[in-house]
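This structure is a prediction, so every number in the text was calculated from the model and none was measured. Scope of the values below: all heavy atoms of this structure, side chains included, with no hydrogens, waters or symmetry mates.
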Amino acid sequence: GRTAGIGVRDDEFDFMPHLVEVEAPNVQAEITAAIDELRTRTGATSFVTVGFCFGGSNSFLAATNGELGLAGAVGFYGGLDPAGFGMKIPSPVDLAPETKAPVLGLFGGGDPSIPQDRIDEFAQGLRSSGVDHEIHVYPDAPHSFFDRSYDEWQDACADAWNRVLDFIERVASPVTA
């Protein structure tokens, strides 16, 4: 929205030139502002970030920010090598040992942009951080299986969504308003 404006974007929209302009500190500041606003408006005290692809990477990164006080972070096929795509955000793999909040990572085993060895490195970093974490890989599922190819991956999507709900129930206290 900052670089392309707001409005409907069809399948032909070239999003990548806009993604590479996003900087991690700005995303984290926006997450902080959203949480502060929710605290003020609702009185909620427990927050879990959920993101897909680029948002998944940023959700993982938010879990390293102890000042946010997140109850947890969920990433659906969050990119583990953003710099390889020209993005200005660090690799969640590199920062995984600094993770402060529980993490749920959901990946497609057929996603060439997130190879299993990087997922394994991410999991190892999370283990070294000592946080509760769960990594699940859906064999043969592609990148964006949960949104762009939902019809073809309904079983994986249903399982993933149940994992998200179970994770949130486990890590977050009920929202109070």
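Between His136 and Asp159, some side-chain heavy-atom pair lies under the 4.5 Å cut-off. Side-chain contact between Pro92 and Pro82 is present, with at least one heavy-atom pair separated by less than 4.5 Å. Counting heavy atoms from C-beta outward, Pro142 and Ser149 have side chains that approach closer than 4.5 Å. Looking at Glu134 and Val103, their side chains never come closer than 4.5 Å, going by heavy atoms from C-beta outward. Using a 4.5 Å heavy-atom cutoff, the side chains of Trp153 and Phe146 are not in contact.
Around CG of Asp117, the count of heavy atoms belonging to other residues, nucleotides or ligands within 6.0 Å exceeds 12. In Glu37, the CD atom is crowded: over 12 heavy atoms of neighbouring residues, nucleotides or ligands sit closer than 6.0 Å.
The heavy-atom pair separating Val48 from Ala71 by the smallest distance is CG2-CB, 4.1 Å. Residues Arg118 and Ser91 approach most closely at NH2-OG, 3.4 Å, considering heavy atoms. When all heavy atoms are compared, the tightest approach of Lys100 to Thr64 is CG-O, 3.7 Å. Minimum interatomic distance between Cys53 and His143 (heavy atoms only, all atoms of both residues): SG-NE2, 3.1 Å. What you find for Phe60 and Val74 is that their closest heavy atoms are CE2-C, 4.4 Å. Asp132 and Val171 get closest at one heavy-atom pair: OD2-CG1, 4.4 Å.
By the side-chain hydrogen bond (donor to acceptor under 3.5 Å, both in side chains) test, Asp166 is found to be paired with no residue, residues two or more places apart in sequence or in another chain being considered.
Side-chain contact of Ser59 with Thr49: a donor-acceptor pair under 3.5 Å is present, judged by distance alone. Using modelled atom types and a 3.5 Å distance limit, the side chains of Asp120 and Gln124 yield no donor-acceptor pair. Residues Asp147 and Tyr77 bring a donor and an acceptor atom of their side chains to less than 3.5 Å of each other.
Distance alone, capped at 3.5 Å, places no donor-acceptor pair between the Thr99 side chain and the Ala101 backbone. Looking at Asn65, its side chain never comes within 3.5 Å of a backbone N or O of Leu61 through a donor-acceptor pair. Listed for the Asp10 side chain is a donor-acceptor partner under 3.5 Å among the backbone atoms of Phe13.
Distance check, rounded to the nearest 0.5 Å: CG of Leu165 to CG of Leu104 gives 10.5 Å. For the atom pair OG1 of Thr45 and CG of Leu38, the computed distance is 11.5 Å after rounding to the nearest 0.5 Å. Taken from CD in Gln116 to CD1 in Ile135, the straight-line distance is 10.0 Å, to the nearest 0.5 Å. In this structure, the separation between CG on Leu106 and CZ on Phe167 is 9.5 Å, given to the nearest 0.5 Å.
Taking the centre of each ring, Phe107 and Tyr138 stay at or above the 6.0 Å mark.
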